[in-house]
Amino acid sequence: MTASIVSPAFSKDFYSKTPKEADVVIRNGEKDQVSSEILGEIKCSADHCKHPTIPGWFSEHCPIWPGQAHFLKVEKILFQGSSKYQNMMVFQSSAYGKVFVLDGALQLTEKDECAYQEMITHLPLCSIPNPNKVLLIGGGDGGILREISRHSSVEQIDICEIDMMLVDVYKKFFPDIAVGYEDPRVTLHVRDGILFLESNPGGNYDAIIVDAFDPIRPDHELFETSFFELVTKSLRPGGVLCIQAESIWFHSLDIEQLVQKCRQIFKGSVEYAWTIVPAYPSGVIGFLLCSTDGPPVNFKNPINPTDPNESYGVAKGPLKFYNSEVHSAAFCLPSFAKKGDESKVGSTMNGVGTTTTTTKDIIK
């Protein structure tokens, strides 16, 4: 058996693919939509991509991480298809369980999805008292919804996902992850995220989690749009944003520059955290956490801890990765990212959580 080799390029900006039709809202308990897209072979969408191939193995290679490729042994391809937005593939791997691939980029695996889903959710939600209303942009797999559901104080969970076919595929092949949609507090808005934020009256979300882009970097095109301004307007005073950020191992990341850019937009705390996800390139992914002006937020010390041995909401079991110790440790940068004394990274605007780490000499 030979695994299909697909493009490693990340999808284009999630919001550039905006449909013009009216908003579709799907509430829990109603009949699920069934996608009717015709299955087809996934084609490489990036002409510059050259894939090394090994029969029976999936390969991921991208200019973002030059000089290396990531291989997973394929036992069986379970699904291949294309929506009007993106290509999708699900396969059974030998070492990581089922794997989901979007436009050639590995999105998650059953083995280590907990490390990403739990951290991107609980880092922000455990840093503020009693979050009540949460917005998720992207995250169509449902795993972040599953984690939000663990917070008993939350009364409303909105998710903005533009591709209904993606939701359907996750529900069919990853039911333990897509279980998040079963929470009665969840409302799925099938529409573009920026349009949703533009229509929002403002100041009504305690937390916004963004999982719809390739990792944010200092030169990301989102900084040239109104996206972050819309986020700040949608958050209450002291509300928080968490968005995935680049790996500390990649030269394209300058944490200091990233933090400084966000401080110009958010008037509260700005911090960088990271976690280990073995299936991701470099095995590491980062998160950028920001808060609006208002009650001080110290992201490094959770004030709303969750019990890793208890289960609340629709999750089928207790936390696998996150705990309060891991939470605080996520903000500690390794030594190679702490060289230099001229400037500080991660210090907050509210006088809490100040650190002396820098990225002046990050990754020589």
Side-chain angles (χ1 to χ4, degrees), residues 10 58 60 64-65 70-72 90 93-102 105-127 136 138-151 170 173-180 207 209-216 240 242-250 253 255 271-289 299-300 302 305-334 337:
F10 289 106
F58 165 80
E60 183 179 18
I64 294 178
W65 50 90
H70 190 203
F71 286 82
L72 291 179
V90 179
S93 72
S94 299
Y96 284 86
K98 280 182 284 189
V99 178
F100 185 87
V101 178
L102 188 66
L106 187 150
Q107 297 297 297
L108 63 74
T109 78
E110 287 182 312
K111 180 177 182 178
D112 61 10
E113 57 89 14
C114 60
Y116 180 84
Q117 314 273 29
E118 293 181 15
M119 293 294 277
I120 197 173
T121 304
H122 303 305
L123 286 176
L125 295 188
C126 291
S127 296
L136 171 61
D141 56 84
I144 296 174
L145 295 177
R146 177 194 66 199
E147 297 307 314
I148 297 173
S149 81
R150 296 184 189 272
H151 291 262
Y170 271 112
F173 294 99
F174 300 87
D176 290 342
I177 298 174
V179 68
I209 300 172
V210 180
D211 185 39
F213 309 100
D214 53 308
I216 195 77
V240 296
C242 185
I243 183 171
Q244 67 159 312
E246 188 66 270
S247 168
I248 56 177
W249 291 100
F250 297 153
L253 178 66
I255 300 174
E271 297 283 358
Y272 180 88
W274 59 291
T275 190
I276 298 171
V277 186
Y280 284 177
S282 86
V284 169
I285 194 69
F287 306 106
L288 189 68
L289 294 107
F299 287 112
K300 296 182 178 181
T306 60
D307 188 335
N309 298 313
E310 292 184 0
S311 183
Y312 183 90
V314 298
K316 301 299 185 182
L319 291 163
K320 296 179 180 179
F321 190 90
Y322 176 90
N323 56 48
S324 295
E325 292 79 13
V326 169
H327 180 121
S328 296
F331 295 91
C332 297
L333 291 175

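- Across every non-hydrogen atom of Tyr96 and Val99, the tightest pair is CB-CG2, 4.4 Å.
- Between Ile248 and Tyr272 the shortest side-chain heavy-atom distance falls below 4.5 Å.
- With contacts defined as side-chain heavy-atom distances shorter than 4.5 Å, the pair Trp249/Val284 qualifies.
- Within the 3.5 Å criterion, the main-chain N or O of Phe299 finds a donor-acceptor partner in the side chain of His327.
- Here the shortest heavy-atom pairing between Ile209 and Ile148 reads CD1-CD1, 4.3 Å.
- Across Arg146 and Asp176, no two heavy atoms sit closer than the pair NH1-O, 3.5 Å.
- Separating the OG1 atom in Thr275 from the OH atom in Tyr116 is a distance of 10.5 Å, to the nearest 0.5 Å.
- Going from atom NZ of Lys98 over to atom CD of Glu113 covers 11.5 Å, rounded to the nearest 0.5 Å.
- Of all heavy-atom pairs spanning Gln107 and Tyr170, the tightest one is CB-OH, 4.0 Å.
- One finds the CD1 atom of Ile177 at 10.5 Å from the CD atom of Glu147 (value rounded to the nearest 0.5 Å).
- For the pair Thr121 and Tyr322, the minimum side-chain heavy-atom distance is 4.5 Å or more.
- Distance alone, capped at 3.5 Å, is enough to place a donor-acceptor pair between the Ser328 side chain and the Lys300 backbone.
- Without hydrogens or angle criteria, Trp274 side chain to Cys332 main chain gives a donor-acceptor distance under 3.5 Å.
- Between Thr109 atom OG1 and Phe100 atom CZ the span is 13.0 Å, to the nearest 0.5 Å.
- Looking at every heavy atom in both residues, Leu123 comes nearest to Ala330 through CD2-CB, 4.3 Å.
- Here NE2 of His122 is found 11.0 Å from OG of Ser324. Values are rounded to the nearest 0.5 Å.
- Atom CD in Gln244 sits 7.5 Å away from atom CZ in Phe287 (nearest 0.5 Å).
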